[in-house]
Amino acid sequence: DEGAKEIAYALKENKTLTKLLFCGNSIGNNSAKEIAYVLKDNSTLTKLELQSDNIGDEGAKEFAYALKDSKTLTTLDLLGNKIGDDGAKEIAYALKENKTLTKLLFCGNSIGNNSAKEIAYVLKDNSTLTKLELQSDNIGDEGAKEFAYALKDSKTLTTLDLLGNKIGDDGAKEIAYA
């Protein structure tokens, strides 16, 4: 945790770093909070990868708060971070206000139909997100149907990756007809 806190402090002071790839370090939600806090004011970071860092719902909530204010972040990769419906819903709500994020990678978490519905709802009005990856989560037919509805209204999303979820024939048909 101390190392991640130092990285957060460095991000606050750094005026040149555009990408930070800090994967597989199990930083947990406390350090995620520190990093998220400085994202609000950082004016250079465009890409943040925190794969398999064990940030959970609490860490995701902190990144949601940061996304609301971020002016530069275009890519957020939270693959394999034990994020469930609560954390995913907070990220979805943040996408209502965020005007810079173009890629959100949310693969290998525990995102189910409830949070998929919230994410899909936001996609209808979001004007920046072009790529959304939700591979290997827990999304079923109900969530797929919500994404199908969102695809009909989305003006910017060009890639939706739902590989390895629990989507059956009904959900697949809805997406196919979207």
Side-chain angles (χ1 to χ4, degrees), residues 1-116 118-119 122 126 128-139 143 159-165:
D1 276 353
E2 283 304 311
K5 288 179 183 178
E6 291 298 323
I7 285 175
Y9 177 76
L11 281 175
K12 189 174 184 178
E13 302 298 319
N14 188 287
K15 305 294 182 219
T16 58
L17 190 69
T18 59
K19 296 177 187 174
L20 176 60
L21 288 68
F22 200 65
C23 306
N25 290 294
S26 296
I27 63 172
N29 60 35
N30 288 332
S31 293
K33 181 179 182 177
E34 298 287 334
I35 293 171
Y37 180 76
V38 299
L39 278 181
K40 295 176 186 179
D41 298 319
N42 182 284
S43 62
T44 59
L45 199 66
T46 60
K47 183 176 186 175
L48 179 60
E49 287 188 19
L50 295 171
Q51 297 179 1
S52 302
D53 280 331
N54 199 28
I55 68 169
D57 283 336
E58 291 304 313
K61 289 176 185 178
E62 296 300 331
F63 281 106
Y65 300 138
L67 278 176
K68 291 177 182 180
D69 296 323
S70 175
K71 308 257 186 295
T72 58
L73 196 67
T74 59
T75 301
L76 179 59
D77 186 345
L78 297 174
L79 179 143
N81 272 295
K82 300 178 182 174
I83 298 169
D85 283 335
D86 291 343
K89 284 179 184 178
E90 292 298 325
I91 296 279
Y93 301 147
L95 291 175
K96 290 180 183 179
E97 296 179 38
N98 180 276
K99 304 294 183 223
T100 60
L101 201 69
T102 59
K103 296 177 188 167
L104 177 59
L105 293 81
F106 237 175
C107 309
N109 286 290
S110 298
I111 297 167
N113 288 325
N114 289 332
S115 52
E118 297 297 329
I119 295 168
V122 170
N126 181 281
T128 58
L129 203 64
T130 60
K131 183 175 187 175
L132 177 60
E133 290 189 10
L134 294 161
Q135 294 177 6
S136 302
D137 282 309
N138 292 316
I139 300 168
T159 303
L160 175 62
D161 190 341
L162 296 170
L163 178 77
N165 278 283

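No experiment lies behind these values; they were computed from the predicted model shown. One is the number of the first residue; the rest follow in order along the sequence.
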- Report the distance from atom CG of D69 to atom OG1 of T100, rounding to the nearest 0.5 Å. 10.5 Å
- Task: For E118 and Y93, work out which heavy atoms get closest and say how close.
- Result: OE1-CE2, 3.3 Å
- Task: Grab the two heavy atoms, one from S136 and one from N165, that are nearest each other, plus how far apart they are.
- Result: N-ND2, 3.9 Å
- Query: Is there a side-chain contact between L162 and Q135, using heavy atoms and a 4.5 Å cut-off?
  - Reply: no
- Note on the structure: Between the CG atom in D86 and the OG atom in S110, the distance rounded to the nearest 0.5 Å is 11.5 Å
- For N113 and G143, indicate whether the former's side chain and the latter's backbone hold a donor-acceptor pair under 3.5 Å. yes
- Euclidean distance, S70 OG relative to L76 CG, rounded to 0.5 Å: 9.0 Å
- More than 12 non-hydrogen atoms from neighbouring residues, nucleotides or ligands closer than 6.0 Å to CZ on F22, yes or no? yes
- Note on the structure: Result for side-chain contact (heavy atoms from CB on, under 4.5 Å) between L67 and one of L39, L104, L73 points to L73
- Message: Take a 6.0 Å sphere around NZ of K68 and say whether it holds more than 12 heavy atoms from other residues, nucleotides or ligands.
- Response: yes
- Closest contact, heavy atoms only, A60 versus G87: CB-CA, 3.8 Å
- Task: Please determine which of K131, K19, K47 meets the side-chain contact (heavy atoms from CB on, under 4.5 Å) test together with T75.
- Result: K47
- Task: State, to 0.1 Å, how close K99 and T128 come at their nearest heavy-atom pair, and which atoms those are.
- Result: O-CG2, 3.1 Å
- Which pair of non-hydrogen atoms, one from A88 and one from I111, has the smallest distance, and what is that distance? CB-CG1, 3.9 Å
- Query: Take atom NZ in K33; do more than 12 heavy atoms of anything else shown fall under 6.0 Å from it?
  - Reply: no
- Please answer whether the main-chain N or O of G84 pairs with a side-chain N or O of N109 as donor and acceptor at a distance below 3.5 Å. no
- Determine the minimum heavy-atom distance between A66 and A36, stating which atoms define it. CB-O, 3.2 Å
- Query: Should I119 and V122 count as side-chain neighbours, where that means a heavy-atom distance under 4.5 Å?
  - Reply: no
- Do side-chain atoms of N42 reach the backbone of L11 as a donor and acceptor pair under 3.5 angstrom? yes
- How many angstroms lie between CG in N114 and CG in N138, if you round to the nearest 0.5 Å? 11.5 Å
- Within a strict 4.5 Å, meaning less than it, do heavy atoms of the F63 and I55 side chains meet? yes
- Message: Counting only heavy atoms from other residues, nucleotides and ligands, does the tally under 6.0 Å from NZ of K12 exceed 12?
- Response: no
- Between E49 and the options L105, L79, L21, the side-chain contact (heavy atoms from CB on, under 4.5 Å) test singles out L21
- Query: Do side-chain atoms of T74 reach the backbone of T46 as a donor and acceptor pair under 3.5 angstrom?
  - Reply: yes
- Query: OG/S31 to CG/D53 distance, rounded to the nearest 0.5 angstrom?
  - Reply: 9.5 Å
- Message: Any heavy-atom pair between the side chains of L17 and L45 that's under 4.5 Å?
- Response: yes
